[in-house]
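Right, one structure below, let's go through it.
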Amino acid sequence: MYQAPRGTSDILPEQQGIWNFINNIAKNSSEIFGFKEISTPTFEETELFQRGVGSDSDIVQKEMYSFTDSSEKSFTLKPEGTAATCRAFIENGMNNLPKPIRLFYISSMYRHERPQSGRLRQHHQFGAEVFGDESPEIDSELIELALHYLNSLGLKNLKIKINSIGDLTTRSKFSEDLKLFFGPYKSQMNSVDKKRLETNPIRLLDSKDNNLENLKENSPKSIDYLDEESKLHWNSVLNNVHNLTKTYTKFDIEIDHKLVRGLDYYNRTVFEIHPNEEKSQSSILSGGRYDDLMNLLGGPDVPGVGFGSGIERIILNLENQQFLLPDNYINKGPKLTMISLGNQDLTNTCIEIATFLRNNNISVILAPKNRSIKGQMRYANSCNSENVLIIGEKELEKSSALIKNLKDSSEKPVDLSPKNILKILKKI
RNA sequence: GUGGGCGUAGUGUAGUGGUUAACACGUCAGGUUGUGGCCCUGAAGAUCGAGGGUUCAAAUCCCUCCGCUCACCCCA
């Protein structure tokens, strides 16, 4: 038997409601903030991600779905949205549009990981990016979009972790100092951390090794290494975000000097949003600033800031807090189910009426015609149909039918002209 | 890549060595003449994840593989 590939899953009809709800909120929040939707291809040239996400990152090192097509070119299913959005920006000359340029997307992402709760090989992200403005107000505006989105979804008890990791030059000094600080403890580290100490000491702050916890509390902090400009930027972002939490009251702020992020392209502001009770893979939205990325990808010197939010993780969190889906997202049955008891002529009459009604925006299904009236009624009921129209040979002779409301069980004869039926249904 | 837990009808479960593998939900049919939801009756539906082994006898014990799941790593 065929199965969905590992780490992927079907979204069944009964789950579509919550997905539509989240997609609509994402779109609505984005539009309120003036963001425009962009869609990029499912796959891109592998090199885009190697350069964009960074060849040292875990994503590129071991999680990409790469393949070679018949022209021997290597492509990769997109593991994240920012690099692809930057590519589209460059390729379409969006640098000539009035800046800043605000974009959002809702798209599938693919990473070859071992699946577990909140982690899949195909997942969906709502992402937003702003290009062409390095002011701190843009960082906090983007964060506000995130808060607005999560707030509108009805998520409660969230915490925003925020940090500034400075720019490329100040970071190298920070990195060196971390190496000096952690160096003496190398013998106590696990093999992964030992390697990090050499190649990317900043990532040591990410380590979940409990042995390092106490050490990390006293380790050098990236915000102490910021140059004047970055420091002003950081203070301003922080101040703005504090102001936001007056309106968006469900969020706590935590300055987390251990937050450094695993994607190589970030500079200055980095942030993550988590539920207050953290578990594994609890981050539901995360992002930061990436002023050098566009350039790195061969584009103009344009700063950027963005976030991505995993929709599956949002759903997990909504389910954890006994979320009730608004009524209008709950699967409704058809307005009418047609029940016919008789020969082919009668069936044809039903089809004609159904066609007419559908073309007038009424949802109609036909009950399976070979069943008894009881069987057809049961079918209509299990489909949650609002009404049924019963036509038998008796009715056909008199050119009439019975219309029955399944909610209140009321029933009345109607004239069998499509227009008349339409008129009656519109009134119900 | 590493480790733990788990694989029995469509779904959720019971069954831990002994006839035709049980129950609930779901599906389909019937419950008198042409009426759904509740209720009642019946039917269909499972090579007990796959392969091998032990045994007179295996869903049950052993081995291998596969899958799912949780955790690590990492991330959304």
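By convention in this document, chain letters (A, B, ...) are assigned in the order of the sequence lines, proteins followed by strands, and residues within each chain are numbered from 1.
Screening A/Ile424, A/Leu406, A/Asn405 for a side chain to side chain contact (heavy atoms under 4.5 Å, CB included) involving A/Asn387 leaves a single residue, A/Asn405. For the pairing with A/Leu389, the side chain to side chain contact (heavy atoms under 4.5 Å, CB included) check across A/Val364, A/Ile421, A/Leu366, A/Leu357 returns one residue only, A/Ile421.
Listed nucleotides B/C68, B/U35, B/G31 differ in distance to A/Lys404; the shortest reach to its side chain belongs to B/U35. With B/A71, B/C39, B/U35 as the choices, the nucleotide that has an atom nearest any side-chain atom of A/Ser117 turns out to be B/A71. The nucleotide whose nearest atom lies closest to any side-chain atom of A/Glu113 is, among B/G37, B/A76, B/U27, B/A76. Proximity note for A/Arg203 (side chain, C-beta onward) versus B/C75, B/U35, B/U27: the nearest is B/C75. Comparing B/G37, B/G34, B/A76 by their nearest atom to the side chain of A/Ile373 picks out B/G34.
Taking atom CZ on A/Arg378 and atom P on B/U35, their separation rounds to 12 Å, with Å as the unit. In this entry the distance linking CG of A/Leu346 with C1' of B/G34 reads 13 Å, nearest Å. One atom, CE of A/Met109, and another, P of B/A76, lie 10 Å apart when rounded to the nearest Å. Going from atom OH of A/Tyr2 over to atom P of B/C68 covers 16 Å, rounded to whole Å. Atom CD1 of A/Ile339 is separated from atom P of B/G36 by 10 Å (rounded to the nearest Å). Residue A/Ile273 contributes atom CD1, which lies 16 Å from atom C1' of B/C75 at whole-angstrom precision. Atom P of nucleotide B/A29 and atom OH of A/Tyr379 are separated by 12 Å, given to the nearest angstrom. One atom, CG of A/Asp10, and another, C1' of B/U11, lie 15 Å apart when rounded to the nearest Å.
Using cut-offs of 30° and 60° for the angle between ring planes, the A/Phe323 and A/Phe21 rings count as tilted. In this pair, A/Phe131 and A/Phe89 present their aromatic rings tilted. The plane angle is within the 30 to 60° band. Ring geometry for A/Tyr225 versus A/Phe174: interplanar angle of 30 to 60°, hence tilted. Using bins of under 30°, 30° to 60° and over 60° for the plane-to-plane angle, the ring pair A/Tyr185/A/Phe181 lands in the tilted bin.
Within the nucleic acid shown, A/Gln3 comes within 4.0 Å of sugar-phosphate atoms alone, with no base atom in reach, counting heavy atoms only. Residue-level contact check: A/Arg371 touches the backbone only, with heavy atoms under 4.0 Å from sugar-phosphate atoms and none from bases. Counting any heavy atom pair closer than 4.0 Å across all strands shown, A/Glu395 reaches a base atom. Among the heavy atoms of the strands lying under 4.0 Å from A/Ile390 is at least one base atom, whether or not backbone atoms are also near. At the heavy-atom level, A/Ile314 lies nowhere under 4.0 Å from the strands shown. Within the nucleic acid shown, A/Leu120 comes within 4.0 Å of at least one base atom, counting heavy atoms only. The residue A/Glu63 sits close only to the backbone: its heavy atoms come under 4.0 Å of sugar-phosphate atoms, none of a base.
Figure legend. B/G67 is base-paired to B/C6; pairs are counted as Watson-Crick or G-U wobble with both atom distances under 3.5 Å. Here B/G37 sits opposite no nucleotide as a Watson-Crick or G-U wobble pair (both hydrogen-bonding atom distances under 3.5 Å). Using Watson-Crick or G-U wobble geometry with both donor-acceptor distances under 3.5 Å, B/C72 finds its partner in B/G1. Both distances falling under 3.5 Å, in either a Watson-Crick or a G-U wobble arrangement, occur for no nucleotide opposite B/G17. If you check B/U11 for Watson-Crick or wobble pairing at under 3.5 angstrom, you find it paired to B/A24. In this structure, B/U54 forms no base pair with any nucleotide, since neither Watson-Crick nor G-U wobble geometry is met with both distances under 3.5 Å. Pair check for B/U47 finds none; no Watson-Crick or G-U wobble contact set falls under 3.5 Å.
Separating the P atom of B/C23 from that of B/C61 is a span of 24 Å, rounded to the nearest Å. Comparing the P positions of B/U16 and B/G53 gives an interatomic distance of 26 Å, to the nearest angstrom. Taking the P atoms as reference points, B/C63 lies 44 Å from B/G42, given to the whole Å.
A/Asn328 CG: more than 12 foreign heavy atoms inside a 6.0 Å radius.
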**Message:** Quick one, A/Arg289 with A/Thr269, criterion side chain to side chain donor-acceptor pair (under 3.5 Å). Give me CA distance, side-chain angles, the key distance, then yes/no.
**Reply:** CA-CA 5 Å; A/Arg289 180 161 276 287; A/Thr269 315; 4.9 Å; no

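Regarding contacts with the backbone of B/C72, every side-chain N or O of A/Arg114 stays at 4.0 angstrom or more from both OP1 and OP2. Phosphate proximity of B/C75 to A/Ser283: absent, as no side-chain N or O sits under 4.0 Å from OP1 or OP2. For A/Ser372, a side-chain nitrogen or oxygen approaches OP1 or OP2 of B/G30 to under 4.0 Å. One finds no side-chain N or O of A/Gln376 lying less than 4.0 angstrom from the OP1 or OP2 phosphate oxygen of B/U35.
The 5' end of RNA chain B is approached more closely, in terms of each residue's nearest nucleotide, by A/Pro115 than by the other of A/Pro115 and A/Glu312.
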